[in-house]
Amino acid sequence: MRISESIGPLGELLAVWTAPADRAVKLPEVRASRPVRVTVHVPEMAVAARIPDFRLAHPRVQPLPDGRVLMVDARCTWRSEGPDRNAIVYDSDGEAVAEQTFGDGIDYVQTTRNGEIWVGYFDEGTEWPVVRIHDGGVTGWRNEIRSATALAVRGSRLAFYGGYPVYRDRLVAGVLDDDRFRVTGEYRLVLPDGQEMPREARVFGRGADLHVVTRDDWYRLGLEDLPG
């Protein structure tokens, strides 16, 4: 049973699998150990590794250099001995080699090719600016699109996908002007056969691409596929 999936920096799909009976371990207070299997697809399965002692209840998975993987739990609980170490690095043999606390309310985790880690948290703020961080500098643009679950970007072109339930299949394309994001098109994203997006589908933004992962399939939509 697949319990988590994500897209790596090279556009590869990573998935975490466990036995159906083990999926019931969800509460952060009950960190019972169970084995999981991590697979990497490009799109065919290229790598598979087994982690025999896995204790995270709501894992996000990302690749790291040298065949390692990063697992991050969305939740973090303060206990008498201190906060949970909810970020764990495993080597290619499935052994934990590093642990750290990333905090509570984690929604997104992405790594870069050289092993940098970016973490995004639940939407508990009140604004939705577009922000670019590059070489230590921060640039921002005003944005009227409220809520999104994935972002694709190439240069000044952007596409936002999803958001709150009423916007779950919304796709908004636009460009970055001097100080704001200007919408150039708004669409409804559907599957290739015209069927609506399954509610269990996960959509990830990586570079100029949006990746759609359903129960059985994996699709890619690039900014070049949208009207100019």
Side-chain angles (χ1 to χ4, degrees), residues 5-14 41-43 60-63 72 105-214 217-228:
E5 60 280 316
S6 69
I7 302 297
L10 301 179
E12 70 273 42
L13 171 66
L14 294 92
H41 307 258
V42 290
R60 274 73 168 142
V61 58
Q62 280 286 281
V72 179
I106 293 173
D107 210 358
Y108 304 98
V109 178
Q110 291 191 351
T111 58
T112 67
R113 299 185 185 191
N114 61 1
E116 294 175 330
I117 302 168
W118 294 82
V119 180
Y121 295 83
F122 295 166
D123 59 340
E124 297 175 354
T126 60
E127 301 294 335
W128 297 90
V130 177
V131 177
R132 174 181 287 157
I133 302 174
H134 181 68
D135 290 340
V138 179
T139 308
W141 292 263
R142 290 180 296 166
N143 170 38
E144 301 298 326
I145 303 301
R146 295 297 184 247
S147 82
T149 57
L151 170 68
V153 57
R154 171 173 289 167
S156 63
R157 292 193 67 195
L158 269 70
F160 291 101
Y161 174 78
Y164 297 132
V166 68
Y167 302 126
R168 72 177 187 88
D169 57 359
R170 178 189 63 181
L171 181 64
V172 180
V175 295
L176 297 174
D177 278 345
D178 291 339
D179 64 349
R180 67 185 180 93
F181 172 69
R182 178 169 56 85
V183 175
T184 58
E186 188 165 340
Y187 314 93
R188 177 172 173 258
L189 191 62
V190 298
L191 296 179
D193 61 2
Q195 296 293 314
E196 71 175 20
M197 290 284 288
R199 291 191 175 274
E200 75 276 5
R202 297 287 307 280
V203 180
F204 304 91
R206 272 293 194 172
D209 297 324
L210 293 173
H211 297 259
V212 180
V213 183
T214 66
D217 296 294
W218 170 24
Y219 306 96
R220 184 190 66 83
L221 178 70
L223 284 176
E224 70 274 9
D225 300 316
L226 302 178

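Model, not experiment: these values are computed from the prediction.
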Under the side chain to side chain contact (heavy atoms under 4.5 Å, CB included) criterion, do V109 and I117 qualify, and how do the steps go? CA-CA 7 Å; V109 178; I117 302 168; 4.3 Å; yes

Just wondering, more than 12 heavy atoms not from E186 lying within 6.0 Å of its CD? yes

Is a side-chain N or O of Q62 found less than 3.5 angstrom from the main chain of T111, in a donor-acceptor match? yes

Given L210 and L171, is the side chain to side chain contact (heavy atoms under 4.5 Å, CB included) satisfied, shown in steps? CA-CA 10 Å; L210 293 173; L171 181 64; 3.6 Å; yes

Heavy-atom closest contact (A150 atom, G205 atom, distance): CB-N, 3.8 Å

Is it true that a side-chain atom of Q110 and a backbone atom of I7 form a donor plus acceptor pair closer than 3.5 Å? no

So CG of D179 and CH2 of W141: to nearest 0.5 Å the spacing works out to 10.5 Å

Crowding at CG, D193 (>12 non-hydrogen neighbours, <6.0 Å): yes

Keeping S156 on the side-chain end and L176 on the backbone end, is there a donor-acceptor pair under 3.5 Å? no

Once side chain to side chain donor-acceptor pair (under 3.5 Å) is applied, what residue pairs with a partner in residues 163-172 remain, sequence neighbours excluded? D123-Y164, D169-R188

Any side-chain heavy atom of L191 sitting closer than 4.5 Å to one from M197? yes

Keeping the roles fixed (side chain from S6, backbone from V61), state whether a donor-acceptor pair exists under 3.5 Å. yes

Can you tell me how far apart OG1 (T139) and CD1 (I133) are? Round to the nearest 0.5 Å. 9.5 Å

Please walk me through it: do V72 and V119 pass side chain to side chain contact (heavy atoms under 4.5 Å, CB included)? CA-CA 10 Å; V72 179; V119 180; 5.8 Å; no

Going by the rule ring pair (Phe, Tyr, Trp, His ring centres under 6.0 Å), which residues pair with F160 if we only count those two or more places apart in sequence or in a different chain? F181

With sequence neighbours excluded, give me every side chain to side chain donor-acceptor pair (under 3.5 Å) pair touching residues 194-205. E5-R202

Can I106 and F122 be said to form a side chain to side chain contact (heavy atoms under 4.5 Å, CB included), step by step? CA-CA 6 Å; I106 293 173; F122 295 166; 5.7 Å; no

Say whether, by atom type as modelled, one donor and one acceptor occur between the side chain of D225 and the main chain of G222 under 3.5 angstrom. yes

Would you give the length of the straight line joining atom CG of L226 to atom CG of L189, rounded to the nearest 0.5 angstrom? 9.0 Å

Straight-line distance of T149 OG1 to D107 CG, nearest 0.5 Å: 9.0 Å

Taken to the nearest 0.5 Å, the spacing of R220 CZ from R206 CZ works out to 14.5 Å

Main-chain N/O of I145 paired with N143 side-chain donor or acceptor, under 3.5 Å: yes

Give a yes or no on whether R146 atom CZ has more than 12 heavy-atom contacts from other residues, nucleotides or ligands under 6.0 Å away. yes

Other residues, nucleotides, ligands: >12 heavy atoms within 6.0 Å of W218 CH2: yes

Roughly how far, to the nearest 0.5 Å, is the CG atom of L14 from the NE2 atom of H41? 8.0 Å

